[in-house]
Amino acid sequence: QVQLVESGGGLVQAGDSLRLSCVASGRTFSMYAMGWFRQAPGKEREFLAGISQSGTNRVYVDSVKGRFTISRDNAKNTVALQMNSLKPEDTAVYYCAAAPWVRIRTTPDYWGQGTQVTVSS
């Protein structure tokens, strides 16, 4: 069992940066790939970024590539999402998730409760 708790969301202006963090409980954190998703009002939850168990491999959706960076610290059981050049269309609830690498984009095993990010124009 893995419990995930996100933090770092808030209200920012377009062009600003924000760093989201996710802390995982349990001693199995390093066994899971980690990912970040978001869900905007009226839209489906979408995958944004994933990082493999060791941190060697990273994958991003095209809409955030070059602006968002995912990282992890297995010693601290944390995964982060650095978001730069934020746009109003980035407004959403952001979730971290854990899964085997092959399923990190599609069907995570565990989800956090989400943190709201609002970008004003």
Side-chain angles (χ1 to χ4, degrees):
Q1 188 77 9
V2 177
Q3 292 184 325
L4 305 172
V5 179
E6 302 96 336
S7 63
L11 172 63
V12 297
Q13 293 186 334
D16 285 351
S17 298
L18 205 59
R19 184 177 179 86
L20 304 182
S21 294
C22 174
V23 179
S25 65
R27 289 178 283 182
T28 59
F29 176 75
S30 61
M31 296 174 58
Y32 288 91
M34 299 298 296
W36 285 94
F37 293 70
R38 69 185 177 191
Q39 187 167 20
K43 295 187 177 181
E44 293 187 354
R45 190 174 300 187
E46 65 168 332
F47 169 81
L48 299 176
I51 188 167
S52 61
Q53 288 88 328
S54 66
T56 302
N57 298 310
R58 292 175 173 85
V59 60
Y60 298 93
V61 68
D62 286 346
S63 61
V64 306
K65 201 174 294 183
R67 298 191 300 128
F68 292 8
T69 302
I70 189 171
S71 61
R72 69 187 294 163
D73 185 338
N74 286 346
K76 296 182 179 179
N77 280 15
T78 59
V79 60
L81 186 68
Q82 177 67 41
M83 306 186 294
N84 298 328
S85 302
L86 283 163
K87 306 173 182 180
E89 51 264 43
D90 293 318
T91 295
V93 178
Y94 284 68
Y95 300 89
C96 71
W101 177 245
V102 295
R103 289 194 285 108
I104 193 59
R105 299 191 206 199
T106 56
T107 51
D109 294 335
Y110 302 102
W111 293 94
Q113 84 289 350
T115 186
Q116 176 71 46
V117 173
T118 303
V119 184
S120 64
S121 58

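Note that the OG atom of S85 and the CG atom of D16 stand 9.5 Å from one another [nearest 0.5 Å]. Atoms CG and OG1, on L81 and T69 in that order, are 8.0 Å from each other to the nearest 0.5 Å. Note that CD1 of I104 and CD of Q53 are 8.5 Å apart. Values are rounded to the nearest 0.5 Å. For the atom pair OG of S121 and CD of E89, the computed distance is 10.0 Å after rounding to the nearest 0.5 Å.
Each of E44, E46, E6 was scored for a salt bridge (Lys or Arg N to Asp or Glu O under 4.0 Å) with R38, with one residue passing: E46.
Linking Ile, Leu, Val, Met, Phe, Trp and Tyr residues whenever their side-chain heavy atoms come within less than 4.5 Å places V117 and I70 in a single cluster. Linking Ile, Leu, Val, Met, Phe, Trp and Tyr residues whenever their side-chain heavy atoms come within less than 4.5 Å leaves W111 and Y32 in two separate clusters. Under a hydrophobic clustering in which Ile, Leu, Val, Met, Phe, Trp and Tyr are joined whenever their side-chain heavy atoms come within less than 4.5 Å, directly or via other members, V59 and F37 fall into the same cluster. Cluster annotation: V61 is connected to V79 through the hydrophobic network of ILVMFWY side chains, with a link wherever side-chain heavy atoms come within less than 4.5 Å. Under the 4.5 Å side-chain heavy-atom criterion for Ile, Leu, Val, Met, Phe, Trp and Tyr, Y110 and W36 are members of the same hydrophobic cluster.
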Assess whether side chain to side chain contact (heavy atoms under 4.5 Å, CB included) is satisfied between V2 and F29, documenting all intermediate values. CA-CA 7 Å; V2 177; F29 176 75; 5.6 Å; no
Is there a side chain to side chain contact (heavy atoms under 4.5 Å, CB included) between L48 and Y94 once you walk through the steps? CA-CA 9 Å; L48 299 176; Y94 284 68; 3.4 Å; yes
Could you go through F68 and L18, starting from their C-alpha distance and side-chain angles, then the distance that decides it, and tell me whether this counts as side chain to side chain contact (heavy atoms under 4.5 Å, CB included)? CA-CA 10 Å; F68 292 8; L18 205 59; over 6 Å; no
Set out, in order, the CA-CA distance, both residues' side-chain angles and the distance that settles side chain to side chain contact (heavy atoms under 4.5 Å, CB included) for R103 and D109, then state yes or no. CA-CA 9 Å; R103 289 194 285 108; D109 294 335; 2.9 Å; yes
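Sorted by first and then second residue, the disulfide bond (SG atoms under 2.5 Å apart) pairs with a member in residues 53-121 read C22-C96; sequence neighbours excluded.
L4 and A24 get closest at one heavy-atom pair: CD2-CB, 3.6 Å. Taking both residues in full, the closest heavy atoms of R72 and S52 are given as NH1-O, 2.9 Å, listed atom of the first, atom of the second, then distance. Summarising the geometry of A14 relative to P88, their closest heavy-atom pair is CB-CD, 4.1 Å, with the distance given to 0.1 Å. Here the shortest heavy-atom pairing between Y60 and A49 reads CD2-CB, 3.6 Å. Of all the heavy atoms in S17 and N84, the pair that sits closest is OG-OD1, 2.9 Å.
Taking 4.0 Å as the cut-off between side-chain N and carboxylate O, D90 and K87 do not count as a salt-bridged pair.
By the 4.5 Å heavy-atom criterion applied to side chains, Q116 and T91 are counted as neighbours. At a threshold of 4.5 Å between non-hydrogen side-chain atoms, the residues V12 and M83 do not count as touching. Counting only heavy atoms from C-beta outward, the side chains of S120 and Q13 approach each other to under 4.5 Å.
Sparse packing is recorded around CD of Q3, with 12 or fewer heavy atoms of other residues, nucleotides or ligands lying under 6.0 Å away.
Of the possible polar contacts, none joining the D73 side chain to the T78 backbone as a donor-acceptor pair under 3.5 Å is found.
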